[in-house]
Amino acid sequence: MKRLEAAYPFYRDTLGLPLLREATLADQGVRVALLGAGESEIELLEPLDPTNGVGRFLARRGEGLHHLCFETDVDRALQRLKSRRVELLDDVPRPGLAGRIAFLHPRACAGVLVELATPPADAHAAPPAPLELKRLVIGSREPRETATLFQSLFDLDEVAMNGGPRTMLGVGRGALLVVPADEVGGTEGMVALSLVAQDFADFMARCDHAKLRCLRGTGEVTIEPATSHGVHLHISRYRFP
């Protein structure tokens, strides 16, 4: 995000996601906010310097999805990944807003920047949120190979689908959906985020009140990226399909 304060009216106020923590991480060159989304969290990043990693990302790609994070035992995960000679950005964990964190190089994860995080021992349970993670969509030239890579690196189970080139992997109550890049405009990497509304009628009322620019279907709303700060965001009535 260019500025956290500019993103709060949409993510915190309109979507109703509770703000869990906010901090300035000078050593990482960012201001960070964590918002609750059921079992998951959405992290907003604001660069303190336009020349640092997040700043260059914004200059090159604009606002949008930046990285994917898995909750795990970071120390054990790093040991396992090192033994397999997986390319890492962090050889040892470091402090972050989500706890002790470490990043894998995007080259190791089919172009996706992946963070591993161990929450602090005194972390409180997230308050109820009106939206929960449904799935993160990843575009790939070789969906099956990408899904197999994520299964191998992060011990994810495949979720049964009705055949075809798409592959879905379970992550808690949510999922990663790997689709052919040509289905998403040729984009490789993270392309869209899907959430499920606990009360779809209430969510629609929020959309109307905020006068959101969106495409409405019977059981899903697609928010225009200009409204959701560059994120292709889908809000569904149902968790499946």
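Computed over heavy atoms, backbone and side chain alike; hydrogens, waters and symmetry mates excluded. Just so it is clear, the structure is predicted and the values come from calculations on it, not from any experiment.
- Evaluation of the salt bridge (Lys or Arg N to Asp or Glu O under 4.0 Å) test over residues 60-83, restricted to residues two or more places apart or in two chains, returns Asp73-Arg76, Asp75-Arg100.
- The OG1 atom of Thr14 lies 9.0 Å from the CD1 atom of Ile223; values are rounded to the nearest 0.5 Å.
- Between His229 and Tyr11, the ring planes are tilted. Angles from 30° to 60° get that label.
- Distance check: Thr227 OG1 to Lys211 NZ gives 13.5 Å after rounding to the nearest 0.5 Å.
- Between Glu115 atom CD and Asp90 atom CG the span is 9.0 Å, to the nearest 0.5 Å.
- Distance alone, capped at 3.5 Å, places no donor-acceptor pair between the Arg173 side chain and the Arg239 backbone.
- For the salt bridge (charged side-chain N to carboxylate O under 4.0 Å, His left out) test, residues two or more places apart in sequence or in another chain that qualify with Glu158 are Arg144.
- No chain of hydrophobic side-chain contacts below 4.5 Å, direct or via other Ile, Leu, Val, Met, Phe, Trp or Tyr residues, connects Val114 to Leu97.
- The hydrophobic clustering, which links ILVMFWY residues whose side-chain heavy atoms are closer than 4.5 Å, places Leu4 and Val30 apart.
- Looking at His66 and Glu43, their side chains never bring a donor and an acceptor atom within 3.5 Å of each other.
- Applying the salt bridge (charged side-chain N to carboxylate O under 4.0 Å, His left out) test to Arg107 and every residue at least two apart in sequence or in another chain returns Glu87.
- Closest of all the heavy-atom pairs between Ala147 and Leu169 is O-CD1, 3.6 Å.
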Tell me which donor-acceptor pairs under 3.5 Å the side chains of residues 48-58 have, and how far apart each pair is, sequence neighbours excluded?
residue: Asp49; atom: OD1; partner: Thr51; partner atom: N; Å: 2.8
residue: Asp49; atom: OD1; partner: Thr51; partner atom: OG1; Å: 2.8
residue: Asp49; atom: OD2; partner: Thr51; partner atom: OG1; Å: 3.1
residue: Asn52; atom: OD1; partner: Val54; partner atom: N; Å: 3.3
residue: Asn52; atom: OD1; partner: Gly55; partner atom: N; Å: 2.8
residue: Asn52; atom: ND2; partner: Gly29; partner atom: O; Å: 2.7
residue: Asn52; atom: ND2; partner: Asp49; partner atom: O; Å: 3.4
residue: Arg56; atom: NH1; partner: Thr51; partner atom: O; Å: 2.6

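- With sequence neighbours left out, Arg237 forms a side chain to side chain contact (heavy atoms under 4.5 Å, CB included) with Phe200.
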Enumerate donor-acceptor pairs with a distance under 3.5 Å from any side-chain N or O in residues 183-198 to protein atoms, sequence neighbours excluded.
residue: Glu183; atom: OE1; partner: Arg166; partner atom: NE; Å: 3.0
residue: Glu183; atom: OE1; partner: Arg166; partner atom: NH2; Å: 2.9
residue: Thr187; atom: OG1; partner: Val184; partner atom: O; Å: 3.3
residue: Gln198; atom: NE2; partner: Glu132; partner atom: OE2; Å: 3.4

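- Residues satisfying the side chain to side chain contact (heavy atoms under 4.5 Å, CB included) test with Asp182, not counting sequence neighbours, are Pro180.
- Here Arg216 pairs with Asp208 under the salt bridge (charged side-chain N to carboxylate O under 4.0 Å, His left out) rule; sequence neighbours left out.
- Among residues two or more places apart in sequence or in another chain, the side chain to side chain contact (heavy atoms under 4.5 Å, CB included) test is passed with Asp155 by none.
- To the nearest 0.5 Å, atom OG of residue Ser83 and atom CG of residue Leu78 are 11.0 Å apart.
- What you find for Ala7 and Leu44 is that their closest heavy atoms are CB-CD1, 4.0 Å.
- Screening residues 10-35 for salt bridge (Lys or Arg N to Asp or Glu O under 4.0 Å) gives Glu5-Arg31, Glu22-Arg31, Arg31-Glu46 as the qualifying pairs, with residues at least two apart or on separate chains.
- Evaluation of the side chain to side chain contact (heavy atoms under 4.5 Å, CB included) rule for Ala205 yields no partner, not counting sequence neighbours.
- By the salt bridge (charged side-chain N to carboxylate O under 4.0 Å, His left out) test, Asp199 pairs with no residue at all, sequence neighbours left out.
- Between Leu45 and His67 the shortest side-chain heavy-atom distance falls below 4.5 Å.
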